[in-house]
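Everything below concerns the one structure shown next.
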Amino acid sequence: MLCWVDGRPEQTLSVTDRGLAYGDGLFETIGVKHGRPQLLERHLARFAEGCKRLFIPVDLSVIRAELLAFAAEVGEGVAKLVLTRGEGLRGYAAPAAATPRRILLASPSPAYPAQNAEHGIRLFPCATRLAEQPLLAGLKHLNRLEQVLARSEWQDSEHAEGLMRDLSGRIIEGVFSNLFIVRDGVLVTPDLSHSGVAGVMRAELLAQAETQGIAVAIQVVSEEQLLAADEVFLCNSLYGVWPVTALQGHRWPVGPLTRKLQRIARDLLDC
């Protein structure tokens, strides 16, 4: 297992690390192809925003250099970047002298079935709801217990992803993906200002859509709007785009805008 801690090969961490004790930190899951990290600028931008909002000091030039060197060693696969606030004694108050800890961990690329992208997937309706916390909304912080609970709700191979709502019942995202719907030619994705993770592929697809003249809207999405959509798809930075074709008894076709954005995502991940 390839793992670096603070830029050096290492596989151990102090038991007093605040990432372990409190989930005090951030992470990025970055695809690696041909020895290069994919969507690097998007990942670094979200990472920098997270560090700013959590008040964790970081030198992005160090992070960038380590990611590039680590990806060169990985070659093909996934690099997980974790930043914790560092070590500290018991108590929530962050120690003034805490030194943030950088962790890079490699793993093989996930072997998702090709049919997920080709024919679409069925969504599982998760009962686990996402809490509303604007201070953390959009960030990929280390506390992923909501996603852990949601993913435990189904074990069958019939469902490839789960649909997550917030406490008010609004549609937010998948367990490990962002969600888009298409209605009357408009590309819509849920507003993530109160909960959810602002994915890097989501950001990239929104930007690409605007450059191609596709109408885009970021707004609250109700279950009624989801069911009335012409097309539905999910995205993330590892698999690109998966069409959604079913949720319980409801069905959607795999539409032309989904296919267009799927090709764009594929090109982004192939470069």
Check: [Y] main-chain N/O paired with [X] side-chain donor or acceptor under 3.5 Å:
X: Glu161; Y: Val175; result: yes
X: Gln208; Y: Ile264; result: no
X: Glu10; Y: Thr12; result: yes
X: Asn236; Y: Phe176; result: yes
X: Tyr22; Y: Asp17; result: no
X: Asn143; Y: Gly23; result: no
X: Arg53; Y: Ala137; result: yes
X: Trp154; Y: His159; result: yes

Check this for me, if you would: do [X] and [Y] make a salt bridge, where the nitrogen-to-carboxylate-oxygen distance has to be below 4.0 angstrom?
X: Glu28; Y: Arg42; answer: no
X: Arg101; Y: Asp6; answer: yes
X: Arg165; Y: Glu223; answer: yes

Are [X] and [Y] close enough that some pair of their side-chain heavy atoms sits under 4.5 Å apart?
X: Gln219; Y: Val188; value: yes
X: His194; Y: Asp166; value: no
X: Glu41; Y: Arg64; value: yes
X: Lys33; Y: Glu76; value: yes
X: Cys235; Y: Leu205; value: yes
X: Arg202; Y: Ile218; value: yes
X: Arg263; Y: Val241; value: no
X: Ile171; Y: Val220; value: no

Considering residues at least two apart in sequence or located in another chain, which fulfil the side chain to side chain contact (heavy atoms under 4.5 Å, CB included) criterion with Ala94?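 Arg18, Arg85.
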Least distance between heavy atoms, [X] atom then [Y] atom:
X: Leu234; Y: Ser177; answer: CB-CB, 3.9 Å
X: Pro100; Y: Pro57; answer: CG-O, 3.4 Å
X: Ala209; Y: Val216; answer: CB-CG2, 3.7 Å
X: Cys126; Y: Gly162; answer: SG-CA, 3.8 Å
X: Glu87; Y: Pro95; answer: O-CG, 3.6 Å

Checking one residue: [X]. Which other hydrophobic residues are in its cluster under the side-chain 4.5 Å linking rule?
X: Leu105; value: Met1
X: Leu139; value: Leu2, Trp4, Leu26, Ile30, Val32, Leu40, Leu44, Phe47, Leu54, Ile56, Val58, Leu60, Ile63, Leu67, Leu68, Phe70, Val74, Leu81, Leu83, Leu104, Leu136
X: Val197; value: none
X: Phe55; value: none

Side chain to side chain contact (heavy atoms under 4.5 Å, CB included) between Trp252 and Thr245: does it pass, once the steps are laid out? CA-CA 5 Å; Trp252 296 276; Thr245 58; 5.6 Å; no
Rounded to the nearest 0.5 Å, how far apart are [atom1] of [X] and [atom2] of [Y]?
X: Leu163; Y: Ile172; atom1: CG; atom2: CD1; result: 9.5 Å
X: Ser237; Y: Gln38; atom1: OG; atom2: CD; result: 8.0 Å
X: Arg170; Y: Arg129; atom1: CZ; atom2: CZ; result: 11.0 Å
X: Cys3; Y: Arg8; atom1: SG; atom2: CZ; result: 12.0 Å
X: Met201; Y: Leu261; atom1: CE; atom2: CG; result: 10.5 Å
X: Leu187; Y: Ile181; atom1: CG; atom2: CD1; result: 9.0 Å

Evaluate the side chain to side chain contact (heavy atoms under 4.5 Å, CB included) criterion for residues Arg46 and Lys140: first the C-alpha distance (whole Å), next the side-chain angles of each, then the deciding distance (0.1 Å), finally the verdict. CA-CA 8 Å; Arg46 179 174 64 180; Lys140 203 156 187 182; 3.6 Å; yes
Where do Thr189 and Leu179 land on the side chain to side chain contact (heavy atoms under 4.5 Å, CB included) test, with the steps shown first? CA-CA 6 Å; Thr189 193; Leu179 182 136; 5.7 Å; no
Without placing hydrogens or testing angles, list every side-chain donor-acceptor pair under 3.5 Å for residues 109-125, not counting sequence neighbours.
unit_1: Arg122; atom_1: NE; unit_2: Glu158; atom_2: OE2; d: 3.1
unit_1: Arg122; atom_1: NH1; unit_2: Gln248; atom_2: O; d: 3.1

Quick one, Glu146 with Thr128, criterion side chain to side chain donor-acceptor pair (under 3.5 Å). Give me CA distance, side-chain angles, the key distance, then yes/no. CA-CA 7 Å; Glu146 292 169 331; Thr128 304; over 6 Å; no
Report the C-alpha separation of Gln225 and Leu227 in whole Å, then their side-chain angles, then the decisive distance to 0.1 Å, and conclude whether the side chain to side chain contact (heavy atoms under 4.5 Å, CB included) test is met. CA-CA 5 Å; Gln225 290 171 310; Leu227 296 180; over 6 Å; no
We want to know whether Glu132 and Ser195 form a side-chain donor-acceptor pair, criterion being a heavy-atom distance below 3.5 angstrom.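 On atom types as modelled, these side chains do not qualify, holding no pair under 3.5 Å.
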same_hphob_cluster(Leu257, Phe233) at 4.5 Å side-chain heavy-atom cutoff: yes
